[in-house]
Enquirer: 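Mind having a look at this structure? Questions to follow.
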Amino acid sequence: MVAIHFLLFSFAISILDIRHHRIRKWHVYLGLLTLAPLYELKTLIAIAINFCLYAVIFIISRNSLGFGDVRLSLLVGAYIGLWSIAPISIVLSNAYAWSTAMILVVGRWLIDRKSINTRVAFAPHMFVGAALAALWH
């Protein structure tokens, strides 16, 4: 059930982020609400930790990371919390997400040196990171 939910929401949110560089809050909130009956304490802790991590990055980076990504961290934290009991899964998920984004940015830069200033849709990387962390655990 959670896997189907993940596939639907990750695909829809990622497509919108790639096309418009926007993550609509109602998509994130709908995802969170439809998962709510499954929440346990570990899920709520994963949500809180992931959100705090992205909120700090948002503040430190001075808006280089969009607030939609901070909001999306709530939903990704819910998936991580539902799939895993290990706190390391949050770290792994984010490491995978940032690594895949870095590979994309460096690849773009190697192809076109002017592309370093272009925006990157980060939602797909967050979802890939969560999926890879779930597969690892």
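Predicted model, so just to flag it, every value in this text is computed and none were measured.
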Enquirer: Consider only side-chain heavy atoms of I, L, V, M, F, W and Y, link residues closer than 4.5 Å, and tell whether V28 and L65 are in one cluster.
Expert: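 Both belong to a single hydrophobic cluster.
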
Enquirer: Ignoring hydrogens and angles, tell me if any N or O in the side chain of T34 forms a donor-acceptor pair with the backbone of G31 under 3.5 Å.
Expert: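 Side chain of T34 to backbone of G31: a pair is present.
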
Enquirer: When clusters are formed by joining ILVMFWY residues with side-chain heavy atoms under 4.5 Å apart, either directly or through shared neighbours, do L92 and Y54 land in the same one?
Expert: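 No, L92 does not connect to Y54 through the hydrophobic network.
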
Enquirer: With rounding to the nearest 0.5 Å, note down the distance linking CZ in R108 to CG in L110.
Expert: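 Nearest 0.5 Å value for the CZ-CG distance: 12.5 Å.
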
Enquirer: Hydrophobic clusters here meaning ILVMFWY residues chained together by side-chain heavy-atom distances under 4.5 Å, can you tell me if Y29 and L82 are in one?
Expert: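 Yes.
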
Enquirer: Determine, using the 4.5 Å side-chain heavy-atom cutoff (strictly less than), whether L75 and W26 are members of one ILVMFWY cluster.
Expert: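 The answer is yes; both residues are in one hydrophobic cluster.
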
Enquirer: Find out whether L30 and F9 are in side-chain contact, i.e. whether some heavy atom of one side chain is under 4.5 Å from a heavy atom of the other.
Expert: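 With C-beta onward as the side chain, the pair touches.
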
Enquirer: Under 6.0 Å between the ring centres of F11 and F127?
Expert: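 No, the ring of F11 stays outside the 6.0 Å limit from the ring of F127, centre to centre.
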
Enquirer: What are the two closest non-hydrogen atoms of I47 and G77, and how far apart are they?
Expert: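 It is CG1-C, 3.8 Å.
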
Enquirer: Does the side chain of Y79 reach to within under 4.5 Å of the side chain of N50, using non-hydrogen atoms?
Expert: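 No, side chains not in contact.
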
Enquirer: Do E40 and T43 have side chains that get closer than 4.5 Å, going by heavy atoms?
Expert: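 Yes. Closest side-chain heavy atoms under 4.5 Å.
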
Enquirer: Do the side chains of V76 and N94 get nearer than 4.5 Å, heavy atoms only?
Expert: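 They are not in side-chain contact.
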
Enquirer: Are the side chain of S93 and the backbone N or O of I90 linked by a donor-acceptor pair below 3.5 Å?
Expert: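 Flag not set: sc S93 to bb I90 has no pair under 3.5 Å.
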
Enquirer: Please identify each residue that fulfils ring-ring contact (aromatic ring centres under 6.0 Å, His included) with H27, with sequence neighbours left out.
Expert: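 If we apply the ring-ring contact (aromatic ring centres under 6.0 Å, His included) test to H27, skipping adjacent residues, there are no hits.
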
Enquirer: Nearest 0.5 Å please: distance from the CG atom of L44 over to the CD1 atom of I49.
Expert: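 Going from CG on L44 over to CD1 on I49, the span is 11.0 Å.
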
Enquirer: Do F6 and W83 have their ring centres less than 6.0 Å from each other?
Expert: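 Yes, the ring centres sit under 6.0 Å apart.
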
Enquirer: Mark yes when over 12 heavy atoms from residues, nucleotides or ligands other than L33 sit less than 6.0 Å from its CG; otherwise mark no.
Expert: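 Yes, because the 6.0 Å sphere around CG of L33 holds more than 12 heavy atoms from other groups.
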
Enquirer: Could you check whether any side-chain heavy atom of R71 comes within less than 4.5 Å of a side-chain heavy atom of F67, counting everything from C-beta outward?
Expert: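 R71 vs F67: side chains touch.
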
Enquirer: For the residue pair V56 and I59, establish whether any side-chain heavy-atom pair is separated by less than 4.5 Å.
Expert: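 A side-chain contact under 4.5 Å is absent here.
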
Enquirer: Which pairs would a plain distance check flag for residues 14-23, meaning a side-chain donor or acceptor within less than 3.5 Å of a matching protein atom at least two apart in sequence or in another chain?
Expert:
| from | atom 1 | to | atom 2 | distance (Å) |
| --- | --- | --- | --- | --- |
| S14 | OG | S10 | O | 2.7 |
| D17 | OD2 | F122 | N | 3.1 |
| D17 | OD2 | A123 | N | 2.9 |

Enquirer: Nearest heavy-atom pair of L32 and A78: which atoms, and what distance?
Expert: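 Taking L32 first and A78 second, the nearest heavy atoms are CD2-CB, 4.1 Å.
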
Enquirer: Looking only at heavy atoms, what is the nearest atom pair of S61 and S64, with distance?
Expert: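 Smallest interatomic distance, heavy atoms only, reads O-OG, 3.1 Å.
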
Enquirer: Transitively linked via ILVMFWY side-chain contacts under 4.5 Å: L41 with L74?
Expert: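 Both belong to a single hydrophobic cluster.
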
Enquirer: Could you check whether any side-chain heavy atom of V70 comes within less than 4.5 Å of a side-chain heavy atom of I57, counting everything from C-beta outward?
Expert: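 With C-beta onward as the side chain, the pair stays apart.
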
Enquirer: Looking at every non-hydrogen atom in both residues, tell me the closest pair between V2 and L38 and how far apart they are.
Expert: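 Closest pair (atom of V2, atom of L38, distance): CG2-CD1, 3.6 Å.
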
